[in-house]
Amino acid sequence: MSDKPLATIRAKSVESLPMSLVLLLSAACAFSVANVYYAQPLLDAIAADFTISLARVGMVIAATQIGCACALLLVVPLGDRLNRHRLLAVQQILLIAALLMVGVSSSSLVLLAAMLLVGLLGTAMTQGLIAFAATLATPQERGRVVGAAQGGVVIGLLVARTLSGLLADIGGWRTVYFFSAAITLILLPILASMLPKQPASELKLSYWQLLRSMLSLLRHDRILQVRGMLALLMFAAFSIFWSTLVLPLSQPPFLFSHSAIGVFGLVGAVGALAAMKAGHLADRGWAQRVSGVSLLILVFAWLPLGLMGQGIIYLVGGIILLDLAGQAIHVLNQSMIFTAHPQSHSRLVGCYMLFYAVGSGLGAFAGSHIYAWAGWHGVCWLGGLVSLAALLFWLRTLKY
């Protein structure tokens with residue numbers, strides 16, 4: 001399969017891609033995105049190791065998100081111009097080095113620099129693969145294929161939280177990054193040999209023209225602007241929750257281990273199912289209706305989350321609602337923005353995910369500070385208000 005051009009693959013089935021290829025792309029997305037999220041359940045251990053206060057440890061996540069933003073602006077757009085196989089291989093080699101750098105870091109400055117690189121390279125790989133999936137898919141199945149790839153992202157995100165907690169309990173938080181470096185090394189030849197070849201890009205823009213074209217998309221594509229702002233607010237709410245959850249659960253009255261905290265991430269597995277179903281609904285023309293329902297669910301998810309102190313069952317219910325809504329919105333956003341510009345998928349995903357990176361970074365920073373100031377209830381009020389802002393923004397821009 002790896003030697004067959006894109007036209008040959010499409011000629012075999014106009015209606016759908018081979019399921020094996022969809023699953024490969026989904027699995028590759030899962031492995032690559034996990035690197036960006038390993039740190040979330042480990043913030044208390046990292047804070048203790050480097051003597052960082054709880055109010056400032058959110059900078060570890062913020063540094064990762066800065067790396068994400070750099071990838072989206074400077075690296076992901078190259079997928080519209082360069083050979084994607086070579087680009088992915090280089091990114092994987094550099095990611096292995098960055099992961100090892102995190103594992104051996106001896107100062108907070110080195111740690112933040114390494115986390116920035118992990119965010120940059122992990123994001124570049126993940127979003128490059130999603131753009132690859134959108135390019136391979138026909139318009140009639142793009143929502144389904146992008147939904148499957150995004151489902152892999154959700155699975156990788158959830159596995160990252162659970163696996164990092166388990167490995168940290170066994171060998172310390174640094175073990176997580178040595179393990180990830182080994183997994184990335186194994187993944188390198190698999191992607192190189194199994195991803196299908198694509199014809200040479202017809203895009204003749206220079207690198208700087210490529211970057212300037214992203215500014216043009218951001219300035220003139222109204223759908224990108226609207227769905228990007230929804231992504232910013234939704235991912236800010238997500239990050240407010242996930243970047244601070246470890247703090248109350250690791251303290252009295254809970255005193256959960258990292259493994260136990262990581263297991264809560266698996267509760268959100270329903271988000272992966274929602275991501276694929278939302279893609280199907282987008283293909284049927286129901287994107288706006290599903291967006292409205294999802295945003296309502298996102299707002300109401302904070303009610304049970306705020307009752308966590310009265311029972312873990314409320315936390316479980318809130319996580320299900322939060323992931324169900326957030327991942328559905330994410331898939332709908334991508335399905336809608338990919339429709340208008342078939343030759344610009346890498347740049348579109350770079351522009352769109354820039355909103356995600358900004359929202360996630362702001363959410364992590366604000367969440368840790370609000371927790372230090374107002375505790376868990378303050379975090380839930382903040383998350384609820386951000387989610388409500390997303391719903392109101394959607395209502396004001398409904399025609400897009």
Is atom CD1 of I313 surrounded by more than 12 heavy atoms (other residues, nucleotides or ligands) closer than 6.0 Å? no
Pair R212-Q209, side-chain donor/acceptor within less than 3.5 Å: no
Are there more than 12 heavy atoms of other residues, nucleotides or ligands under 6.0 Å from atom OH of Y314? no
I'd like to know whether L74 forms a side-chain contact (heavy atoms from CB on, under 4.5 Å) with Y207, so could you lay out the CA-CA distance, the side-chain angles of the two residues, the decisive distance to 0.1 Å, and finally the verdict. CA-CA 9 Å; L74 304 176; Y207 179 65; 3.6 Å; yes
May I have the step-by-step check of side-chain contact (heavy atoms from CB on, under 4.5 Å) for V316 and I320, ending in yes or no? CA-CA 6 Å; V316 172; I320 291 174; 4.2 Å; yes
Which atom pair, heavy atoms only, marks the closest approach of G383 to W302? O-NE1, 3.3 Å
Over all atoms of both residues, closest heavy-atom pair of L391 and G292: CD1-O, 4.4 Å
Looking at A149 and A133, what are the two nearest heavy atoms and their distance? CB-CB, 4.3 Å
Whether over 12 other heavy atoms sit under 6.0 Å from Y37 OH: yes
Among the clusters formed by ILVMFWY side chains lying less than 4.5 Å apart, do L100 and L109 turn up in the same one? no
Assigning hydrophobic clusters by single linkage (Ile, Leu, Val, Met, Phe, Trp, Tyr; side-chain heavy-atom cutoff under 4.5 Å), is I46 placed with L166? no
V104 and F50: same hydrophobic cluster, using ILVMFWY side-chain contacts below 4.5 Å? no
Could you label the plane-to-plane angle of the F235 and F238 rings as parallel, tilted or perpendicular, counting under 30° as parallel and over 60° as perpendicular? perpendicular
Where do L72 and T123 land on the side-chain contact (heavy atoms from CB on, under 4.5 Å) test, with the steps shown first? CA-CA 8 Å; L72 297 170; T123 299; 3.8 Å; yes
Donor-acceptor pair between R227 and S291 side chains, under 3.5 angstrom: yes
Step by step, work out the side-chain contact (heavy atoms from CB on, under 4.5 Å) result for L43 and I52. CA-CA 10 Å; L43 290 181; I52 304 173; over 6 Å; no
Pair Y352 + H330: ring centers closer than 6.0 Å: yes
